Amino acid sequence: NEVKQWFADRGQERKQLESDPLFGKYKGMNVIMIQLEAFQNFVIGQKINGQEVTPNMNKLLGESMYFKNFYHQTSQGRTSDADMAANASLQPLIAGSIFIRYAQHEYDSMPSTLKDNGYLTSVFHAYDGGFWNRNMMYQTLRYDTFYSKKSFKIDEPVGWSLGDTSFFQQSMDIMKKQKQPFYSFLITLSSHHPYTLPEDHQTLDVGDFKGTIFGDYLEAVHYVDESVGKMVERLKAEGLWDKSIFLFYGDHDNSIRDWKPFETFLGKPLTELDQLNILKQVPLVVHLPNGDRAGVYDQVGGQIDLTPTILHLLGISSANKYFVGTPLVTEKPLAGKKVVLRNGSYTDGKVFYIPPDDGKPEHSKCYDVASGKLTDVNLCKAGAADANKELIESDLLVQHDLIKEFRKK
Ligand code: GP9
C-alpha cells in the first residue's frame with residue numbers, strides 16, 4: 001500500500017501538469033529517441049586546437065531545447081539501466097541490472113503505452129540481441145520489433161560492431177517505410193570504452209591527447225556527433241523532421257577516472273562538485289517540430305523523466321502509470337523538482353547532496369550549487385530523506401513485481 005500510494009502521488013503530480021499548455025501540443029507526432037553510448041555533457045560546445053568537438057550538435061542546439069543540467073541515473077547495469085530509466089521511468093537496482101534480474105516482471109513503459117495509443121514501436125541496436133538480455137526484456141517492454149545486429153549489414157566495422165553512421169542510415173531505411181506514427185528507440189555503440197576508432201575515422205586533432213584514452217574518447221564523440229548530424233540531414237530529406245519529436249541523451253559516463261586530462265581540456269582545476277557534475281551529467285537535446293521552444297534550459301532532470309516528458313507532449317496521460325519521473329518540457333518547471341542518483345545523492349539545482357561513503361551521517365555533504373561551496377547539511381536533510389524514499393519505493397516495485405500485483409483483478 002505504501003508503494004502504491006507513493007507512485008499514486010507521483011501520478012497526481014503528473015496529472016496536475018495536464019493543464020499545462022504543452023500537454024498534447026504534439027499529439028500524434030512520431031518519436032525518435034537516441035541513447036548515445038558513454039556520451040557526457042562536458043564535450044558539448046567545447047573546442048580543441050580551434051576545432052569544435054561536437055559541431056553538428058552545437059548547430060542543432062540553435063533549433064532545439066538543450067537541458068544542460070541533465071543527469072544519468074545509472075548504476076551497475078550501465079547501458080541497460082539508462083534504457084530502463086528512459087523507457088520505464090524507474091530507478092536502477094543497487095546491484096545488477098533489472099534487464100537481467102527481473103526481465104519477467106511487469107512494467108509500464110514508453111513502448112507499451114505508445115503501442116496502446118496506436119504507435120508502431122521499434123528498438124534498434126546493432127549488437128548481439130542477447131547482450132543485457134535485450135531479446136527478452138524488449139518483449140517485456142512490448143516493442144513490436146527489436147532490430148539487433150542480425151538486421152544490419154556490417155558495412156562500416158567500428159569497435160564492437162557497426163559504426164554509428166551506417167547504423168543510423170540503415171535504421172532510417174527501415175523507419176522511412178514504417179506506418180506512422182511510430183516510436184523508434186536507437187541505441188548507439190561506436191563510442192564504447194576503450195574508444196579507439198579505426199584510423200580513417202579519426203578526424204579530430206586532439207594534440208597532446210593523441211594516443212591517450214582521453215584523446216580517443218574525444219575522437220569517438222566527434223565521430224558520433226558527425227553520425228548524428230548525418231541522421232538529422234536524412235530525417236529532413238525524408239520529410240520526417242517536423243513530423244517527429246527527436247531527442248538524444250547520453251547513457252552514462254566514460255569510466256575515465258583520472259581528472260588531469262579533464263582539467264587540461266577544460267582549462268581549469270576541478271572541485272569535487274565539478275567532478276561530480278562532469279561524471280553524472282549527460283546532454284539532453286530535444287528537437288520539437290519547427291524548432292519550437294529552442295533554447296538552453298537550466299532546470300534539473302534525469303533519464304527517469306524522459307517517458308513522462310514524451311507522453312506529456314503527446315497528450316497521453318501517465319497519471320495511472322507506475323513511473324517515478326515527471327515531465328521536463330512544460331511551460332513552467334515543476335517546483336521542487338529533484339534528480340535522485342542511485343547512491344542517494346540528489347540535486348534540485350540549488351543544493352547537491354552527497355551521502356556519507358562510510359555510513360556515518362556526520363560525513364554527508366551538502367553543496368550550495370550557486371557558490372560551489374559546502375553549506376549547512378541540514379539544508380539537504382529533508383531532500384535526502386525524499387531521495388532515499390524514491391529509491392526504496394522503486395526497488396520494492398521492481399523486486400516484488402508489484403505492478404502485476406496491483407493490477408490483479
Ligand atoms: C552493448 C552496449 C554496451 O550492447 O549496450 O553496454 P555497456 O557496456 O555500455 O553497459
Side-chain angles (χ1 to χ4, degrees), residues 33-41 43 71-88 90-103 109-111 122-141 143 145-154 156-168 170-171 184-197 213-214 216-221 223-224 227-228 248-257 278-283 302-304 306 341-343:
M33 182 160 90
I34 306 178
Q35 178 170 295
L36 300 172
E37 174 62 33
F39 210 102
Q40 291 184 222
N41 195 37
V43 294
Y71 291 80
H72 79 80
Q73 293 172 290
T74 67
S75 183
Q76 291 180 347
R78 302 293 277 166
T79 294
S80 68
D81 284 348
D83 190 336
M84 195 64 197
N87 282 291
L90 292 172
Q91 285 283 354
L93 301 170
I94 203 155
S97 159
I98 296 176
F99 269 40
I100 309 269
R101 295 181 59 195
Y102 300 111
S109 72
M110 178 126 80
S122 317
V123 49
F124 302 80
H125 180 57
Y127 196 56
D128 302 337
F131 200 89
W132 282 127
N133 201 24
R134 285 184 172 103
N135 285 331
M136 186 173 283
M137 195 59 192
Y138 289 154
Q139 279 185 37
T140 297
L141 296 177
Y143 284 99
T145 314
F146 171 26
Y147 296 96
S148 67
K149 188 174 182 178
K150 59 182 191 308
S151 306
F152 293 85
K153 192 167 161 222
I154 308 299
E156 188 202 354
V158 175
W160 286 16
S161 181
L162 177 65
D164 289 348
T165 300
S166 178
F167 165 63
F168 285 144
Q170 293 187 53
S171 302
S184 292
F185 178 50
L186 296 93
I187 306 157
T188 71
L189 190 55
S190 297
S191 47
H192 196 280
H193 190 274
Y195 314 115
T196 340
L197 292 178
I213 190 164
F214 190 83
D216 289 349
Y217 178 71
L218 293 180
E219 273 167 3
V221 296
Y223 162 73
V224 175
S227 307
V228 170
F248 63 82
Y249 61 93
D251 64 354
H252 52 68
D253 63 86
N254 61 16
S255 312
I256 303 175
R257 290 293 182 276
I278 289 173
L279 197 64
K280 298 292 181 187
Q281 286 184 348
V282 290
Q303 290 161 336
I304 269 174
L306 293 173
L341 309 180
R342 180 65 252 195
N343 68 347

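Order of listing sets the numbers, starting from 1, for every ligand and every atom in it. Everything quoted here is computed from the prediction, not taken from an experiment.
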Item checked: Which of the ligand 1 atoms, numbered from 1, are nearer than 4.0 Å to a heavy atom of Arg78 -> 10 (O)
Check: Taking N or O atoms only and a 3.5 Å limit, does His125 qualify as a polar contact for ligand 1?
Finding: yes
Next item on the list: Go through the side-chain N and O atoms of Tyr249 and Gln303 and say whether any donor and acceptor fall under 3.5 Å apart.
Entry: no
Note to self: Parallel, tilted or perpendicular, judged at 30° and 60°: which one describes the rings of Phe214 and Tyr217?
What the structure shows: tilted
Next item on the list: For residues Gly250 and Val282, report the shortest heavy-atom separation together with the two atoms involved.
Entry: O-CG2, 3.3 Å
Notebook entry, point to check: Does the N or O separation between Glu37 and ligand 1 drop below 3.5 Å for any pair?
Noted result: yes
Margin query: Side chain or backbone, does Trp132 bring an N or O within less than 3.5 Å of an N or O on ligand 1?
Written below: yes
Note to self: For ligand 1 and Thr79, I'd like to know whether there is a polar contact (N/O to N/O, distance under 3.5 Å).
What the structure shows: yes
Checklist line | Under 3.5 Å: N/O of Arg134 near N/O of ligand 1 | finding: yes
Check: Against heavy atoms of Trp160, which atoms of ligand 1 measure under 4.0 Å?
Finding: 1 (C)
Check: Would Leu189 count as a contact of ligand 1 if the rule is a heavy atom under 4.0 Å away?
Finding: yes
Check: Looking at Phe124 versus Phe167, is the centre-to-centre ring distance below 6.0 Å?
Finding: no
Margin query: We want to know whether Asp83 and Tyr138 form a side-chain donor-acceptor pair, criterion being a heavy-atom distance below 3.5 angstrom.
Written below: yes
Next item on the list: Show which atoms of ligand 1 fall inside a sub-4.0 Å distance from at least one heavy-atom site of Tyr127.
Entry: 1 (C), 4 (O)
Next item on the list: Give a yes-or-no answer on whether the side chains of Arg134 and Thr79 include a donor-acceptor pair shorter than 3.5 Å.
Entry: no
Next item on the list: Could you list which atoms of ligand 1 come closer than 4.0 Å to a heavy atom of His252?
Entry: 9 (O)
Notebook entry, point to check: Are Trp160 and Phe131 close enough, and set up right, to give a ring-ring contact (aromatic ring centres under 6.0 Å, His included), and what steps lead you there?
Noted result: CA-CA 12 Å; Trp160 286 16; Phe131 200 89; 5.6 Å; yes
Notebook entry, point to check: With a 3.5 Å cut-off and no angle check, do the side chains of Ser190 and Glu37 form a donor-acceptor pair?
Noted result: no
Next item on the list: Just need the protein heavy atom nearest to atom 8 (O) of ligand 1, so name the residue and atom and give the distance.
Entry: His192 NE2, 2.8 Å
